[in-house]
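Down below is the structure, laid out as structure tokens.
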Amino acid sequence: MKMAPRVRFAPSPTGALHVGGARTALFNWLFARHHGGTFILRIEDTDRSRSTEESIEEIKAALRWLGLDWDEYYRETERFPLYQEAAERLLAQGKAYEREGAWWFRVPRPGTTVVHDLLLGDVAYDHGLIKDFVIRRSDGSFTYNFACAVDDADLGITHVIRANEHLNNTPRQILVYQALELEMPEFAHLPMVLSKERTKLSKRHGATSVFEYRDRGILPEALINFLVRLGWSCGDREIFSKEEMVALFDLKDVNVSAAVFDEEKLLWLNQHYLKAGDPERLGELLREFLMRQGIVSEEEAEAIPKAKLAKAIELFRERSETLVELAEKARFILSDRLEYDPKGVERFLTPEKGPLLEGLLEELAGLDESEFTAPRLEEATRAYLARAGHQLKEIAQTCRVALTGKTEGPGLFETMEVLEKAEVLTRLRRGLELIRQGQGA
RNA sequence: GUCCCCAUCGUCUAGUGGCCCAGGACGCCGGCCCUUCAAGCCGGCAACAGGGGUUCGAAUCCCCUUGGGGACGCCA
């Protein structure tokens with residue numbers, strides 16, 4: 001029986017959590033959860049000049065938003081004595097030396113260090129190519145390659161799962177383990193996530209931070225599902241709930257070549273989760289989104305009935321890829337301030353449609369409020385149209401523009417249902433008014 | 001420049017020597033449905049980087065070339 005694994009995600013708090021880091025965190029989290037192990041969040045803030053408290057909080061918030069919970073939490077700046085003791089030991093043993101105030105690790109030469117990578121196999125490094133490196137800066141702080149190895153050993157990390165860009169650091173860390181006679185973890189270097197320009201992800205290439213995607217209306221479950229497929233696969237499957245990922249995830253199904261972050265596919269997944277999710281829950285996400293983006297005030301957002309938001313989700317999720325789009329499309333039901341599409345008005349609110357629209361208005365006015373359900377509305381409308389000798393398609397768009405200001409949207413009768421009787425009559429009358437104005441002009 | 005990693009449709013990938021004149025998904029194109037836009041359904045286009053080996057047989061193994069990416073800090 002193997003020991004339960006202990007893995008860590010070790011970001012440096014020098015900025016927002018970006019999607020590449022999120023992917024690394026996800027793989028570590030999945031590995032831990034799949035094997036019933038421990039997932040540790042360790043903040044690598046040994047570079048005090050570049051680390052900020054804001055970044056730490058944002059990274060934690062982003063991980064929580066993604067649903068990646070950690071079991072243990074550490075900050076390297078709080079573990080100073082550990083590094084100090086280890087560094088002094090190396091100095092005393094002559095495995096490190098001081099020069100110009102900094103402490104340097106003495107790389108044994110000649111020699112070779114082989115990284116036994118779980119994904120890549122053996123990778124050999126000639127010590128002739130590895131320069132001595134600083135372990136303790138002249139200001140007394142410790143460097144990454146040193147603190148990282150000491151920490152991983154001290155925390156009993158069993159598997160170091162990190163991005164491929166760290167592969168070349170690994171021999172140095174192995175040297176530290178050996179010099180300190182520490183037990184070594186397994187290593188697994190993940191393929192990089194590349195921008196669509198095929199370069200390392202950075203702020204230069206548009207949205208890269210997790211929260212930027214959130215603010216662009218991406219659902220956390222969509223982002224997680226998208227990220228897990230960057231380097232991991234399970235036959236032909238594309239859709240995975242978090243529980244399914246945990247059950248299915250295995251390092252042996254992780255590949256080794258870099259993956260490009262394809263936003264089109266993210267958008268498709270996002271719409272998938274929009275369509276598949278519980279309307280009430282998504283409705284609440286929409287409420288938060290409306291608030292956070294300042295689309296409506298906090299008071300307004302809180303005043304919107306739960307049922308109405310759920311209805312907005314149901315009506316618009318088949319025609320929206322993101323919450324941004326959905327919020328925009330659903331505006332006409334969340335607010336009575338209509339914005340008419342000029343082209344739609346010009347094309348459909350025309351004089352010859354007047355009489356038919358007016359007739360429909362009268363017909364609907366005769367209906368009881370309780371009859372404002374999509375099926376009943378359709379029945380009544382079709383009956384009226386049949387009597388008048390017209391077809392639905394002759395009036396549908398006119399009606400839609402009057403009700404929503406737009407030429408596209410959900411089914412006409414569903415739209416009427418969600419608007420309810422009073423609002424439908426008001427807007428239809430306003431539409432008639434616009435027709436008359438158009439005539440006069 | 002040096003070192004390291006990688007190489008299947010535009011993109012994410014399946015494939016682990018014969019089941020592959022290469023499968024799925026996104027995107028794209030066409031059709032159906034239809035009160036609009038979508039969604040859905042059906043169909044289509046599209047790849048084993050090149051060259052050498054190994055083998056009865058290579059997308060799968062080896063070598064070279066080319067291409068891509070990453071690392072070369074008292075950053076992580």
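By convention in this document, chain letters (A, B, ...) are assigned in the order of the sequence lines, proteins followed by strands, and residues within each chain are numbered from 1.
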Problem set entry | Between B/rA58 and B/rG18 - C1' atom distance, rounded Å | 9 Å

Problem set entry | Gap in Å between the two C1' atoms, one belonging to B/rC62 and one to B/rU54, rounded | 7 Å

Exercise. Touch check for A/Arg198, heavy atoms < 4.0 angstrom, all strands: base, sugar-phosphate only, or nothing?
Worked result: sugar-phosphate

For this session: Please report the closest heavy-atom contact between A/Arg162 and A/Tyr144, naming both atoms and the distance.
Result: NH2-OH, 3.4 Å

For this session: Rounded to whole angstrom, note down the P distance from B/rA49 over to B/rA71.
Result: 26 Å

Exercise. Within the structure shown, what part of the strands sits under 4.0 Å from A/His189 by heavy-atom distance: base, sugar-phosphate, or nothing?
Worked result: nothing

Exercise. Quick one: on RNA chain B, does A/Glu44 or A/Ala124 contact a more 5' nucleotide (nearest heavy atom)?
Worked result: A/Ala124

For this session: Could you tell me which non-hydrogen atom of A/Pro279 sits nearest to which non-hydrogen atom of A/Ile313, and how far apart they are?
Result: O-CG1, 3.8 Å

Exercise. NA contact type, A/Leu392, heavy-atom cut-off 4.0 Å: base, sugar-phosphate, or nothing?
Worked result: base

For this session: With heavy atoms under 4.0 Å as the rule, sort A/Thr407 into base, sugar-phosphate or nothing.
Result: base

Seminar exercise, completed: The nucleotide from B/rC12, B/rA76, B/rC37 with an atom nearest the side chain of A/Val260 is B/rC12

For this session: Could you tell me which nucleotide pairs with B/rA58 by Watson-Crick or G-U wobble geometry, both distances under 3.5 Å, or answer none if nothing does?
Result: none

Seminar exercise, completed: Between OH of A/Tyr125 and P of B/rG70 the distance, given in whole Å, is 15 Å

Exercise. Heavy atoms under 4.0 Å, any strand shown: does A/Lys406 hit a base, just sugar-phosphate, or nothing?
Worked result: nothing

Exercise. What heavy-atom pair brings A/Ser55 and A/Gly15 nearest, and what distance separates the two atoms?
Worked result: OG-N, 3.1 Å

Problem set entry | Cation-pi check, A/Arg387 onto A/Tyr384 ring (under 6.0 Å, within 45° of axis) | no

Problem set entry | Given B/rU2, B/rA38, B/rU35, the nucleotide with the shortest approach to the side chain of A/Leu129 | B/rU2

Seminar exercise, completed: Among B/rU35, B/rA71, B/rG24, the one nearest any side-chain atom of A/Glu165 is B/rA71

For this session: Using the C1' atoms only, state how far B/rC32 lies from B/rA38, rounded to an integer number of Å.
Result: 15 Å

For this session: Could you point out which residue of A/Phe80, A/Phe133, A/Phe105 forms a ring pair (Phe, Tyr, Trp, His ring centres under 6.0 Å) with A/Phe142?
Result: A/Phe80

Problem set entry | Among B/rC12, B/rG23, B/rC6, the nucleotide that comes nearest once only the side chain of A/Ser257 is considered | B/rC6

Exercise. Tell me: CZ of A/Phe261 to P of B/rU13, nearest whole Å?
Worked result: 13 Å

Exercise. In the structure shown, which nucleotide is the Watson-Crick or G-U wobble counterpart of B/rG10, with both distances under 3.5 Å?
Worked result: B/rC26

Exercise. Can you check the A/Leu223 CG to B/rC26 C1' distance for me, whole Å?
Worked result: 16 Å

Exercise. Using purine N1 to pyrimidine N3 plus N6-O4 or O6-N4 for Watson-Crick, or N1-O2 and O6-N3 for G-U wobble, both under 3.5 Å, which nucleotide pairs with B/rA39?
Worked result: none

For this session: Measure from the side chain of A/Thr199, starting at C-beta and using heavy atoms only, and say which of B/rG69, B/rC5, B/rU35 lies closest.
Result: B/rG69

For this session: Kindly indicate whether the side chain of A/Asn169 and the base of B/rA71 share any N or O donor-acceptor pair separated by less than 3.5 Å?
Result: no

Problem set entry | A/Tyr73 six-ring face occupied by A/Arg42 cation (under 6.0 Å, within 45°) | no

Problem set entry | A/Asn164 (side chain) and B/rG70 (base): donor-acceptor pair under 3.5 Å | no

For this session: Check every strand shown and say whether A/Gly411 touches a base, only sugar-phosphate, or nothing at a heavy-atom separation below 4.0 Å.
Result: base

For this session: Tell me, please, whether A/Trp29 has A/Lys242 positioned over its six-membered ring: NZ or CZ under 6.0 Å from the ring centre and within 45 degrees of its axis?
Result: yes

Exercise. Which comes earlier along RNA chain B counting from the 5' end, the contact point of A/Leu119 or that of A/Leu230, where each point is its nearest nucleotide?
Worked result: A/Leu119

Seminar exercise, completed: Whole-Å distance, A/Leu267 CG to B/rA38 P, equals 15 Å

Problem set entry | Selection from B/rG70, B/rC3, B/rC74 that lies nearest to any side-chain heavy atom of A/Lys200 | B/rG70

For this session: Give A/Gln391 one of three labels, base, sugar-phosphate or nothing, depending on what nucleic acid heavy atoms sit under 4.0 Å from its own.
Result: nothing

For this session: Determine the interatomic distance between C1' on B/rU2 and the same-named atom on B/rU8; round to the nearest Å.
Result: 31 Å

Exercise. Using purine N1 to pyrimidine N3 plus N6-O4 or O6-N4 for Watson-Crick, or N1-O2 and O6-N3 for G-U wobble, both under 3.5 Å, which nucleotide pairs with B/rC20?
Worked result: none

For this session: Would you mind classifying the nucleic acid contact of A/Thr143 as base, sugar-phosphate or nothing, using non-hydrogen atoms under 4.0 angstrom?
Result: sugar-phosphate

Exercise. What does A/Ala102 touch in the nucleic acid at a heavy-atom separation under 4.0 angstrom: a base, only the sugar-phosphate, or nothing?
Worked result: base

Exercise. Any idea which heavy atoms bring A/Pro13 and A/Asp45 closest together, and the distance?
Worked result: CG-CB, 3.8 Å

For this session: Taking only the side-chain heavy atoms of A/Arg229 (C-beta and beyond), determine which of B/rG24, B/rC6, B/rU36 contains the nearest atom.
Result: B/rG24

For this session: Determine the contact category for A/Pro410: base if any of its heavy atoms lies under 4.0 Å from a base atom, sugar-phosphate if only primed atoms, P, OP1 or OP2 are that close, otherwise nothing.
Result: base

For this session: Select base, sugar-phosphate, or nothing to describe what A/Lys275 touches, counting heavy atoms under 4.0 Å on all strands.
Result: sugar-phosphate

Exercise. When the distance from CG of A/Asp236 to P of B/rG15 is rounded to whole Å, what number comes out?
Worked result: 9 Å

Exercise. When you compare B/rC3 with B/rC64, how far apart are their P atoms, in angstrom units rounded to a whole number?
Worked result: 13 Å

Exercise. Out of B/rC37, B/rC3, B/rC74, which has the shortest distance to the side chain of A/Trp104?
Worked result: B/rC74

For this session: Identify whether any heavy atom of A/Leu412 sits under 4.0 Å from a base atom; if not, whether one sits that close to sugar-phosphate; answer base, sugar-phosphate or nothing.
Result: base

Exercise. Which part of the nucleic acid does A/Phe413 contact within heavy-atom distance under 4.0 Å: base, sugar-phosphate only, or nothing?
Worked result: base

Exercise. When rounded to the nearest Å, what value does the distance between C1' atoms of B/rA14 and B/rG51 take?
Worked result: 27 Å

For this session: For B/rG27 versus B/rA46, give the span between their C1' atoms, rounded off to a whole number of Å.
Result: 11 Å

Exercise. Phosphate oxygens OP1/OP2 of B/rC74: is one of them under 4.0 Å from a side-chain N or O of A/Ser138?
Worked result: no

For this session: Give a yes/no on whether any side-chain N or O of A/Arg172 is located under 4.0 angstrom from OP1 or OP2 of B/rA71.
Result: no

For this session: For A/Thr46, report the nucleic acid contact type (base, sugar-phosphate, nothing); a contact means any heavy atom under 4.0 Å.
Result: sugar-phosphate

Problem set entry | Polar pair under 3.5 Å, donor/acceptor by atom type, side chain A/Glu238, base B/rG24 | yes

Exercise. Within 45° of the ring axis of A/Phe226 and under 6.0 Å from its six-membered ring centre, is that where the NZ or CZ of A/Arg229 lies?
Worked result: no

